Structure formats: structure tokens, C-alpha cells
There are 2 protein chains.
Amino acid sequence: MEPIYLRIFKDIEARILNGDWRPGDRIPKEHDLVKDYSCSRMTVSKALATLVERGLVVRKRKTGSFVASPQIERTVMDIQDIGTEAVSAGHEHRHEILAHKVDALSQTEAVQLRWSAGAEVLRVQCLHIVDNKPTAIERRIIFLDAVPLARSEPFLDAPPAKWLLSQVPWSKAKHVIRAVSADAATARILRIERGEPCLNLIRQTWQNERIVTYVEITHPGDRFQFAGIFHPAEKASSRQHPHEALS
Amino acid sequence: MEPIYLRIFKDIEARILNGDWRPGDRIPKEHDLVKDYSCSRMTVSKALATLVERGLVVRKRKTGSFVASPQIERTVMDIQDIGTEAVSAGHEHRHEILAHKVDALSQTEAVQLRWSAGAEVLRVQCLHIVDNKPTAIERRIIFLDAVPLARSEPFLDAPPAKWLLSQVPWSKAKHVIRAVSADAATARILRIERGEPCLNLIRQTWQNERIVTYVEITHPGDRFQFAGIFHPAEKASSRQHPHEALS
DNA sequence: TATATCTATTTGTATAGTCAAAAGCGGATC
DNA sequence: GATCCGCTTTTGACTATACAAATAGATATA
């Protein structure tokens with residue numbers, strides 16, 4: 001028999017992860033949950049405390065409990081949004097869309113991503129420019145099945161990463177970080193020599209077992225690094241200097 | 001006025017982080033803590049639950065509560081121990097000590113690490129070999145003030161990273177991940193071409209505001225990558241595939 | 001209009017207990 | 001010795017309740 005507090009926790013977690021309740025939405029107050037589950041307030045409180053601990057919920061006296069904004073989140077999840085990090089570190093950031101087309105998932109890609117070939121996807125290529133230097137090239141595949149609104153999104157205001165976060169806030173992600181040499185195309189776009197070392201971040205993102213996006217971000221090795229301070233026992237959200245730093 | 005459960009939590013956390021209570025040590029049972037702090041059992045329970053949540057403590061009915069083993073831990077902290085990861089992925093791993101000497105911290109290093117020049121340190125250089133291919137070169141500085149036992153440690157059985165973990169289990173760490181090109185010395189040792197891209201991990205580790213070690217690990221870009229799956233709402237300790245993968 | 005005060009709501013912390021489940025231990029039995 | 005049984009310890013889940021702290025919104029006051 002599953003404990004009550006766990007059932008409450010999972011119910012709410014599921015609704016947040018599904019996107020059923022979105023960041024900023026109010027979640028029922030303790031008193032209501034007490035009635036819904038016919039249990040004591042302490043039990044509800046324990047479930048909500050766990051959600052706070054995990055960073056899914058924020059609570060405020062008198063005001064209520066709300067789905068948290070996932071924006072700046074957890075460790076490698078931080079490696080999300082180049083622009084925000086750059087700007088908050090006092091740099092000027094802009095982006096250019098280099099390519100943008102609706103296409104079908106190829107056989108090779110389908111095998112690699114473990115998805116079905118022919119799925120309709122949006123391919124976006126985006127260049128990130130920090131302090132007038134090209135700092136990253138972002139090659140992205142967005143699955144239109146999961147994010148239909150992407151089809152007509154020009155990504156002018158917000159780069160794809162940021163825009164997607166507003167559409168699909170809570171997700172599971174797989175990250176791979178590698179060092180590669182710049183191929184001809186990459187070198188030309190980033191204005192570096194062919195063969196120069198580049199930091200390569202690949203991220204695949206799911207929501208509810210459904211693949212949302214696949215992205216490969218390539219940084220010139222001399223212009224970028226990932227950094228972070230980790231205190232083992234700390235809450236993920238209170239880490240001290242989560243940042244992608246310009247080197 | 002600080003809540004009681006927080007005081008209990010912090011007291012125990014401090015003892016674990018100090019190395020006062022070491023992994024496997026038993027911590028007082030709820031009943032004893034109730035007496036120590038003259039509070040109710042629920043309050044003690046809340047403090048201990050938080051410690052479990054943070055991964056510092058494991059509990060078992062009838063047996064008691066114990067300081068957890070930090071071995072495989074938290075996100076980028078995983079990027080710790082090349083050998084363990086390689087072996088658990090079915091690869092053969094060995095290491096060679098290339099250099100090993102007691103020295104004083106230079107002026108340049110002192111500035112970079114924000115520590116006092118002249119401090120007595122142990123410099124170790126270690127080559128990691130996976131499936132007979134050189135996979136990483138580890139250049140490490142160990143501060144003998146913090147780890148006096150290191151002076152007479154030959155690092156034959158366990159490479160420095162692993163040995164240190166057994167000496168200083170809980171610590172704060174700063175990580176930087178970069179892509180660099182191999183310099184002449186590195187290229188020769190790793191048997192790659194000069195200028196080839198390498199994945200460079202720098203980690204600086206503290207215990208109690210005292211610097212323990214500084215290490216720079218260089219991987220050939222084509223032979224190594226960092227990877228991990230992250231579920232946003234999950235406990236750090238239950239991540240699904242934390243690994244450094246051979247590519 | 002602006003400011004101070006009161007009030008009601010909601011979360012935060014804590015108590016003092018109950019009952020349950022897991023698991024180590026010793027003893028009885030085979 | 002090995003196996004099973006019950007006792008005891010320790011953690012786990014939960015209730016019902018109390019009071020405190022924060023604060024949004026209404027009300028009264030200057």
C-alpha cells in the first residue's frame with residue numbers, strides 16, 4: 001500500500017511534468033488537498049514540502065503554492081540558455097537564425113534518436129553572438145508532433161532554447177559533452193580555423209516519454225567553458241555560481 | 001529564532017562534512033536526539049528526512065541511521081573516478097604514476113588557486129589507460145596540510161582520485177569543462193597528434209573552506225565524453241544513467 | 001489621497017501520541 | 001547445526017491539534 005503523502009506528491013508531480021499545471025499556476029491549498037484526500041494537514045504538508053525540496057513548487061504564506069519556474073535549473077540543466085547566462089554576466093548577446101525548415105526525420109537520425117523515421121520535424125540552425133564574437137552554433141531538431149506551435153515560430157525575439165522552455169517547461173534531458181575539431185562549415189561560421197578544438201554539447205529532451213527536441217551546440221574551445229560549484233549536500237537550486245563562463 | 005529541526009539538521013550535516021562522522025558511521029537514533037534536543041520525535045524525524053533527501057544519510061528500520069557513502073554522487077560530482085566508471089561499463093582499466101614529488105606551491109599557482117604561496121603540496125601525474133589505450137592524463141596537486149597521509153601514499157592500488165575519496169569523503173568542488181588542443185607533452189603521453197582537440201576537466205576541491213586538491217584531467221576528444229540523463233524532479237542519487245562514456 | 005492598522009488566510013513549526021512494518025536476535029524445536 | 005517463531009528495537013506513516021509568522025486585502029485614519 002502506497003503512503004498517502006507519496007500519492008499526493010506523485011499526483012501533483014505528474015500534472016506539472018505533463019504540462020497540465022504550468023509554471024506560475026496556483027496549486028490547491030493545503031486545506032483543499034486535505035479534503036480531496038481526506039487525510040490530515042501534516043500529510044499534505046509533507047507531500048508539498050517534498051515538491052518544494054525538488055524545486056517543482058514554491059510556496060508563500062497567505063498567497064498560496066505555485067508551480068515553480070524551471071528557468072535556471074539544476075546542474076547540467078543550466079547548460080540551457082546561452083543568452084541569459086551571457087547577459088547576466090554583463091555581456092551583450094544576440095542571435096541569428098541561419099536556417100529554418102520543416103522536414104522529415106531521416107532513417108539515420110531515426111536510429112540514432114530511437115524514434116520513427118519520417119516524423120515531421122523543424123530544423124533550425126542558430127548562431128549565438130556574444131560581444132560581437134560568434135560564440136556558439138546551435139543545430140536543432142524540434143519534433144512538431146510534440147510542439148506544434150514551433151511550425152510558425154520565427155525565433156526572432158527568443159532563440160530556440162529559450163522559446164522552447166516557455167512551451168515545454170518541465171522535461172527529462174540527456175546530455176553529452178565532447179571535444180571535437182571544427183569541420184569546414186563550423187569553422188567558417190564561427191570564424192575559426194578548421195580543426196580547432198570545440199566544445200560540443202548534445203542534448204536530447206523528452207516530455208512524458210515523447211521526444212521534444214535534439215540539439216547540438218558547438219562552442220569554440222577558446223571562447224567558452226562550463227563551470228559550476230557544487231556543495232554535495234546543497235539543494236540544487238541554491239548552488240553558488242552556476243554559469244557558463246566566457247573564458 | 002531558528003527552527004529546531006534546522007538546528008538538528010545543520011549540526012549533523014556539519015559533523016558529516018567535517019569528516020567528524022565518516023561514511024558508515026552510525027548516527028544517534030531518533031530517541032536519543034529527542035532527548036538531546038528535548039523536542040518531539042516528529043521534529044527529529046523531519047531533520048533526518050532532510051538529510052536523507054540530500055543524500056547524506058541512509059536509514060534502515062531496526063538497524064539505525066548511518067552516514068551515506070558518497071562514492072557515486074551527484075551530477076558533475078560523478079566526473080570523479082575514471083577507473084570505476086570504465087570498469088562498470090565493462091572496460092579494463094589501469095593507471096601509471098608518471099611523476100610524484102613533494103614541492104612548494106608557486107607564486108603563480110597561489111594566485112590562481114587563491115591560496116598562500118609556499119604551501120607544501122604533492123604533485124602527482126597519472127596516466128589512465130582503458131582497454132590498453134591512454135584515455136586520460138591527470139595532473140594533480142594535493143595539499144599536504146589538508147591530507148597529510150598523502151605524503152607517503154604511492155597510489156599503486158587506487159589512483160589519486162579514488163584514494164582521496166577514501167580520505168576526504170565529503171567536500172565542495174568547483175568544476176570547469178573546456179575544450180583545448182593538445183600541447184606537445186600531452187600529445188606525446190596520450191599518443192595523439194599535437195593540436196588535437198582534448199576535453200579538459202579542472203576540479204578544485206575544498207573541505208571546510210580548506211583547499212584539498214586541484215586537478216586537471218585531459219582526455220583525447222575522440223576517446224571520451226561526459227554524459228548523463230537528468231530528470232528534473234528526481235533525487236540526484238536516483239539518476240538513470242550517470243556515466244562517463246567511452247565514445 | 002496616502003498611510004497606518006486591523007483582520008483573515010495560508011503556510012510554517014511543533015507537540016504528543018498511535019499503529020505499522022522491517023529486521024536483528026535469541027530461543028525452541030527438529 | 002539448521003529452521004522457524006516470536007520478541008524487541010528502530011524507523012515509517014499518520015492524526016488531531018496548537019500556535020506563530022507572513023502578508024494580501026479591507027478598513028479606518030490623517
Side-chain angles (χ1 to χ4, degrees), chain A residues 1-16 21-69 233-235 237-238, chain B residues 1-16 21-69 233-235 237-238:
Chain A
M1 189 46 192
E2 192 181 46
I4 305 172
Y5 84 91
L6 253 186
R7 262 189 46 225
I8 303 177
F9 170 82
K10 286 184 181 171
D11 284 358
I12 297 176
E13 185 199 32
R15 283 197 247 220
I16 295 175
W21 292 347
R22 302 177 55 86
D25 284 4
R26 184 161 188 176
I27 71 177
K29 53 190 171 204
E30 294 192 347
H31 185 72
D32 292 346
L33 291 170
V34 164
K35 279 195 289 186
D36 291 354
Y37 289 89
S38 12
C39 64
S40 80
R41 203 191 132 211
M42 277 298 288
T43 304
V44 166
S45 171
K46 187 169 178 179
L48 290 171
T50 311
L51 286 159
V52 170
E53 189 85 25
R54 302 286 173 88
L56 285 167
V57 163
V58 290
R59 313 187 70 192
K60 210 175 160 193
R61 276 170 173 152
K62 166 81 187 178
T63 318
S65 306
F66 302 85
V67 178
S69 300
E234 227 165 331
K235 275 173 68 180
S237 51
S238 62
Chain B
M1 188 45 190
E2 191 180 43
I4 304 172
Y5 84 90
L6 252 185
R7 261 190 48 225
I8 303 176
F9 169 83
K10 285 184 181 170
D11 284 358
I12 297 176
E13 185 199 33
R15 282 197 249 221
I16 294 175
W21 293 347
R22 301 177 56 86
D25 284 3
R26 184 162 188 172
I27 72 178
K29 53 191 173 203
E30 294 191 347
H31 185 72
D32 292 348
L33 291 169
V34 164
K35 279 195 291 187
D36 291 355
Y37 289 90
S38 9
C39 64
S40 78
R41 204 189 131 210
M42 276 295 288
T43 304
V44 166
S45 171
K46 187 168 179 179
L48 291 172
T50 312
L51 286 160
V52 169
E53 189 84 25
R54 303 284 173 90
L56 285 167
V57 163
V58 289
R59 313 189 69 193
K60 210 176 161 193
R61 277 171 172 151
K62 166 79 187 178
T63 320
S65 307
F66 302 85
V67 177
S69 300
E234 227 165 329
K235 274 172 68 180
S237 50
S238 61

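Note on naming: letters A, B, ... go to the chains in the order of the sequence lines (proteins, then strands), and numbering restarts at 1 for each one. The structure displayed is predicted, hence computed values, not measured ones.
Taking B/S40 as the reference, B/T43 meet the side-chain hydrogen bond (donor to acceptor under 3.5 Å, both in side chains) condition, with sequence neighbours excluded. For the side chain to side chain contact (heavy atoms under 4.5 Å, CB included) test, residues two or more places apart in sequence or in another chain that qualify with A/R22 are A/D25, A/P169. For the side chain to side chain contact (heavy atoms under 4.5 Å, CB included) test, residues two or more places apart in sequence or in another chain that qualify with B/D32 are B/P28, B/K29, B/K35. By the salt bridge (charged side-chain N to carboxylate O under 4.0 Å, His left out) test, A/R41 pairs with A/E30, sequence neighbours left out. In this view, A/T50 satisfies the side-chain hydrogen bond (donor to acceptor under 3.5 Å, both in side chains) rule with no residue, not counting sequence neighbours. Every residue two or more places apart in sequence or in another chain was checked for a side-chain hydrogen bond (donor to acceptor under 3.5 Å, both in side chains) with B/S45, and none qualifies. Residues passing the side chain to side chain contact (heavy atoms under 4.5 Å, CB included) test with A/V58 are A/F66, A/A68, sequence neighbours excluded.
Note that the first and last nucleotides of DNA chain C, 5' to 3', having any atom under 4.0 angstrom from a heavy atom of chain B are C/dT13 to C/dG24.
Backbone-only contact: B/I4 has heavy atoms under 4.0 Å from sugar-phosphate atoms and none from a base. Heavy atoms of A/S65 sit under 4.0 angstrom from primed sugar atoms or phosphate atoms, though from no base atom.
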Pairs under 3.5 angstrom only: tabulate donor-acceptor contacts from the side chains of residues 4-11 of chain A to other protein residues two or more places apart or in another chain.
unit_1: A/K10; atom_1: NZ; unit_2: A/E2; atom_2: OE2; d: 2.8
unit_1: A/D11; atom_1: OD2; unit_2: A/Y37; atom_2: OH; d: 2.5

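Between B/G64 and A/P3, the residue anchored closer to the 5' end of DNA chain D is B/G64, taking for each the nucleotide with the nearest heavy atom.
Here the nucleotide nearest the side chain of B/R41, chosen from D/dA13, D/dC14, D/dA18, is D/dA13.
Nucleotide D/dT17 holds its C1' atom 12 Å from the CE atom of B/M42, rounded to whole Å. The separation between A/Y5 atom OH and D/dC14 atom C1' is 12 Å, rounded to whole Å. Atom pair B/K46:NZ and D/dC14:P shows a separation of 16 Å (rounding to whole Å applied). Following rounding to the nearest Å, A/E2 (CD) and D/dG12 (P) show an atom-to-atom distance of 17 Å.
Residues from residues 23-39 of chain B that place a heavy atom under 4.0 Å from any atom of DNA chain C, listed by number: B/C39.
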* Determine, step by step, whether B/I27 and B/V57 satisfy the side chain to side chain contact (heavy atoms under 4.5 Å, CB included) criterion, reporting the C-alpha distance in whole Å, the side-chain angles of both residues, the deciding distance to 0.1 Å, and the verdict. => CA-CA 9 Å; B/I27 72 178; B/V57 163; 4.0 Å; yes

Distances under 3.5 Å between nitrogen or oxygen atoms of protein and nucleotides 21-25 of chain D:
unit_1: D/dA21; atom_1: N3; unit_2: A/R61; atom_2: NE; d: 3.4
unit_1: D/dA22; atom_1: O4'; unit_2: A/R61; atom_2: NH1; d: 3.4
unit_1: D/dA24; atom_1: OP1; unit_2: A/K60; atom_2: NZ; d: 3.4

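Salt-bridge annotation for B/R54 and B/E13: absent, with no side-chain N of the basic residue lying under 4.0 Å from a carboxylate O of the acidic one.
Here the straight-line distance linking atom CG of A/L48 with atom CD1 of A/I12 works out to 5.0 Å at 0.5 Å rounding.
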